[in-house]
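One-based numbering, in listed order, for ligands and for the atoms of each.
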Amino acid sequence: MTPATPLLILFIPFLLFFPACTDANTDDSSAAPVFISNEKPYKHIIQETVIIDSQEYIIPASWQGQRLGVKALTKPPLVQVPPEFVKDGGTIYLLPEACEAFKTMAEEAKQNDIAITIDSGYRSAWYQKKIYKRLMEKGKSFEEVARYVAPPGYSEHMLGLAVDFHPSDWRFVDSPVYPWLKKHAEGFGFSETYPESSPDNKPWEPSHWRYHSPSPLISE
Ligand SMILES: [Zn+2]
């Protein structure tokens, strides 16, 4: 008896009851034929939902299917937008390429006596939830907020590529910045995400623009 023999005797019952993984013997001619149907056994209608403050809400139809798959961005890769182009010199972050393109555009506008500032840039899904919470605490329903604020997980702001120009409300249409952007922004890679008439009937959001980038950091 080798020193390993008692150990082997001890493990034999285990080897019998817990066989190692092997390929199953598929050559069993007595097995009943299996019919595979293309029909799925269950037909689910997948409703996208979001949880805010432990409460689950169904995403409105206008946003269904548009959830953005994006990793939470951190610093870096986020960079701070030069405070001179931020309303009241606040701290706003964007992805470097969007920030660079925005800065170049804002400097060009400045040459034309157009003062461009932004109210918002990168916002996490967590921050988007905070916006919802705040508005719902003021008495608005989830559906009411979703009419003009992208639900958490659906906002382009979480891509680090979108900005809200100042003033980020209806006054923006009448500011000299809006027509300037309509004429020049495309040349800097920016476009209006929710124009006056959008194919999916999203409300017009004149101050919200997005930089289009082929960045590998973004997966949509
Ligand atoms: Zn926006």
Which N, O or S atom of Asp164 lies nearest to the Zn ion (ligand 1), by name
OD1
Which pairs of donor and acceptor atoms, one on a side chain in residues 163-170, lie under 3.5 Å apart (sequence neighbours left out)?
unit_1 : atom_1 : unit_2 : atom_2 : d
Asp164 : OD1    : His157 : NE2    : 3.2
Asp164 : OD1    : His208 : ND1    : 3.2
Asp164 : OD2    : His157 : NE2    : 3.3
His166 : ND1    : Asp119 : OD1    : 2.9
His166 : ND1    : Asp119 : OD2    : 3.3
Ser168 : OG     : Asp119 : OD2    : 2.8
Asp169 : OD1    : Arg171 : N      : 3.0
Asp169 : OD1    : Arg171 : NE     : 3.1
Asp169 : OD2    : Arg171 : NE     : 3.2
Asp169 : OD2    : Arg171 : NH2    : 2.9

In residues 99-118, what donor-acceptor pairs under 3.5 Å come from side-chain atoms, sequence neighbours left out?
unit_1 : atom_1 : unit_2 : atom_2 : d
Thr104 : OG1    : Glu100 : O      : 2.7
Lys110 : NZ     : Glu84  : OE1    : 3.2
Asn112 : ND2    : Glu108 : O      : 3.1

Taking CD in Glu186 as the centre, count heavy atoms belonging to other residues, nucleotides or ligands within less than 6.0 Å. Is the count above 12?
no
Shortest-distance N/O/S atom, His157 versus the Zn ion (ligand 1)
NE2
Using a 3.5 Å distance criterion without hydrogens, assess whether the side chain of Gln128 forms a donor-acceptor pair with backbone atoms of Arg123.
no
Looking only at N, O or S atoms, which one in His208 sits nearest to the Zn ion (ligand 1)?
ND1
